Amino acid sequence: MVFAAPNEARVRAERVLDTDPPPLHASVAHQVIGIWQRDFGDTRLALTHLRRARALAARAESADREADVLATLGVALVHTGRTRQGLAAFERGVARGTGHTRARVLYRRAYVWWVLGHHRQALEDVRRAIPVLRQAGDVIWTARALTLRATVHLALGAVERADADFTAAEALWDTTGQEHDKADAVESRGLAAFRSGDIPAALRLLDEAEERYAKLGTPTFMLSIRRCEVLMAAGLAPEALAEADAAIAALDRIGGQSTRKAELLLAAARAARLADDAQTAVARAAVAVRLFAGQRRTWWETHARLVLTEARHAAGRGSGRLVADAAAVAGKLASFGAPAAPEASLLAGRIALDLGWTADAERHLAVAARSRHSGPPLARMTGWAAQALRAQAAGSVRGVLEACRRGLDVLDDHRTTLGASELRARATAQGAELAALAQRASLVSGGPRRLLVWSERWRATVLTAPPARPPADPALLSGMTAFREIAARAEEARREGRPVPVLEREQRRLEREIRSRTLHMRGEAPGGGDRFDPARLLERLGDEVRLVELVVLDGRVQVLLCGQGRVRRFTAGLLAEAEREAEYVQAGLRRLAHPGAQARLPVVEAAGRRLEELLLGPAAAHLGSGPVVVVPPGRLHRVPWALLPSLRERVVSVSPSASSWLRARETAPPPDVRPVLVRGPGLATGGAEVPELAGRYGTPTVLEGAEARVPRVLEELDGAPLAHIAAHGVFRADSPLFSSLRMADGPLIVHDFERLARSPYRIILSCCDTARFASVGADELLGLVTALLPLGTAGVVACSAPVNDAAVVPLMLALHKGIGAGLSLAEALRDARAALPGDAVHQATGWAFSAFGAA
């Protein structure tokens, strides 16, 4: 019962002890309490109860009873870091036990070998135990042994063998009432899904296991460790670090297992390193190394040393000693058969290259490169990264580009299994190094056109296909409805000055639930879609239009100017300086949104001139007189491009990539011509442009007041030719897919738009902050505009800063006048700016809006 209903088992055991039972019964009761304390409570109390259980078993003169307790005690001793004492207890237990009991002891020793990282010994013990358990008809312990063997196979990279054992174990669990073990089986299947590269399935199964554990009221430290692994692979390293640190704190509060603490520290160190927090990674990994060494867990200690070496290298501590450390770790991991061995060899080779030790680098990189043809996607990418570095060291541009292409193809296939746009975006971080290597090689040899191809190869790739949409998931739809209601109530309470902590907590809980369910979605079958063709781009641009793609290499902006049948490259300023200037401009626009800031206008205009020098450099003199399409890197999408002097009087549109612009240009408008006008609540002007626009368009669909509710708005937006939304906009930097537009019944969020079969062909967002994005992954953007583009929207007008509501009205009216005359959004926006009054408030309002796409 202690694994089926742990808390009830502990209570019953305590009742048994209250009845002054005979030694045999008392031994069982103390053992049950010891198991509960070992797994869910204070390990010191566990040892006290288990030693008492062993003494009582000896008094009862039951050798099998004593052997069984010795096995439980051995597990507890190992988990408290007393490895030598624990293994000695197992030696005595194996010697004392016979038949069926001895098989159970062997199973538990196999578990301890797995904890210690001695996988061969674990397989040997479980191999001896399973036939005896089966012959005895012991379904529960046979299922446990199969689950353990599968877990060991996973640690050794034998995914197919693990799957077979997990399947057999699950069939046995279905015949029992062992709820805790069933939850453990679901957790183990999540681990298997992760090892086979199926991250959505892994997240879904781990969440299901957590729900099962919660019903039993048991802690989930091992589950946290496994979820951290999956979150890191999904590009969610900061979340993995937060989960690991929270679990460590919870473990410390109850005096829990030191073995689990060491494993959680290792997970935290890995997460910190991936989150670019090298100092935290060094600190966590160093403690983990000490704990594992004290616990005599060499396999784990070696993995912790790998992370410690990686973190020290990331902190800038390259040295010959570090090469030796990485090489030693690689050798040990290879001797264990650990899948992480190529990663250590790659690290040794990378550090050696930094030091100029080309012969040593080649030796280590050649070993790492062997993993490029087999294993899970991220392991193969490690191999291709090593192969690319080998080619770079050998001076082979062709070799670098081929290795980068093959590695990014692997990541493409992996990425398309992810249904959630957030996971797709974050997963691209795994390919950032390969993309940068290819771009550097192209810069040195191959000319601007090749650099353009490689820039496009890994830019805004998430926008190449719409995210998976789960319209039939009732739990998700109900969660989003509840979220909207709670968010609306919280907003109302804030306006009235009432406290909202309870509502905010519930809102955060619902956000976590919605996000969790979206991360479970699987993508379509692998397939990278059309490759970027610069000739097709140049043909579509013609002689008049110029496309300016900004590429950042080694911190400096490279300008690729496309048009008139050719691609030219110009070198501009430093990215860091441009980012600082862009933030300064944004602050200036925020001030100019309020009357009385006229004196700031020349200052903001001067900042625009400096931005042009940093971002366009000499390319500004070669833009011609026609329209310009700007393709900035993710970190520069908040630049108000119309403020730059050479772009101020011309037609300018912005696109996340040249490929995205081409798709927008070639998207056909829907046959329907009736626009949709939406007016949300609480606007300072009351959305004054909407009634006037309704009169202009004759018979538009107008949603306002109680009609402007999210379900109805989504229904009308689906496939609309033109949509105009006047509403309060909120950008969520902490969770960009919860960025929202306020409707009558609460926020309309990015997740809502992703449920559309086809978003509006053209959409105008007359709202603050709708053109703000979070830059994630390699060079991806998460936000409202980027959610619309892959869903069928060819053109968006949105705002990158807070603006003056009253000044927005004439801008919007003038914009629609141009649209009505047959102009594109970018052309209409240019003319609308020119039609505004010349005061600072109106000028700043015009600059804050940008046209995205090509419609």
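Since the model is a prediction, treat every value here as computed from it, not as a measurement.
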Can a salt bridge be assigned to the pair [X] and [Y] using a cut-off of 4.0 Å between side-chain N and carboxylate O?
{"X": "Lys817", "Y": "Asp831", "answer": "no"}
{"X": "Glu613", "Y": "Arg609", "answer": "no"}
{"X": "Arg696", "Y": "Glu692", "answer": "yes"}
{"X": "Glu605", "Y": "Arg648", "answer": "yes"}

Nearest 0.5 Å please: distance from the [atom1] atom of [X] over to the [atom2] atom of [Y].
{"X": "Leu677", "Y": "Glu716", "atom1": "CG", "atom2": "CD", "result": "11.0 Å"}
{"X": "Leu756", "Y": "Asp718", "atom1": "CG", "atom2": "CG", "result": "5.0 Å"}
{"X": "Glu549", "Y": "Leu451", "atom1": "CD", "atom2": "CG", "result": "8.5 Å"}

Non-hydrogen atoms of [X] and [Y] that approach each other most closely:
{"X": "Leu550", "Y": "Val548", "answer": "CD2-CG1, 3.7 Å"}
{"X": "Tyr761", "Y": "Pro721", "answer": "CB-O, 3.5 Å"}
{"X": "Arg540", "Y": "Trp661", "answer": "CB-CZ3, 4.2 Å"}
{"X": "Arg762", "Y": "Ser824", "answer": "NH1-CA, 3.9 Å"}
{"X": "Val629", "Y": "Ser655", "answer": "CG1-CB, 4.3 Å"}

Say whether His724 and Glu689, considering side chains only, have a donor N or O and an acceptor N or O under 3.5 Å apart.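 The criterion, which ignores hydrogens and geometry beyond distance, is satisfied for Glu689 and His724.
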
I'd like to know if the side chain of Arg546 pairs up with that of Gln564 as donor and acceptor (distance under 3.5 Å, no hydrogens or angles considered).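 Gln564 and Arg546 do have a side-chain donor-acceptor pair below 3.5 Å.
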
Let's go through Ile725 and Ile764 carefully: what are the C-alpha distance in whole Å and the side-chain angles of both, what is the deciding distance for side chain to side chain contact (heavy atoms under 4.5 Å, CB included) to 0.1 Å, and is it a yes or a no? CA-CA 6 Å; Ile725 302 178; Ile764 298 165; over 6 Å; no

Flag the pair Gln558 / Val552 as yes when at least one side-chain heavy-atom distance between them is below 4.5 Å, and no otherwise.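 No, side chains not in contact.
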
Would Arg679 and Glu707 satisfy salt bridge (charged side-chain N to carboxylate O under 4.0 Å, His left out), going step by step from the backbone distance to the final call? CA-CA 9 Å; Arg679 179 158 56 161; Glu707 286 287 296; over 6 Å; no

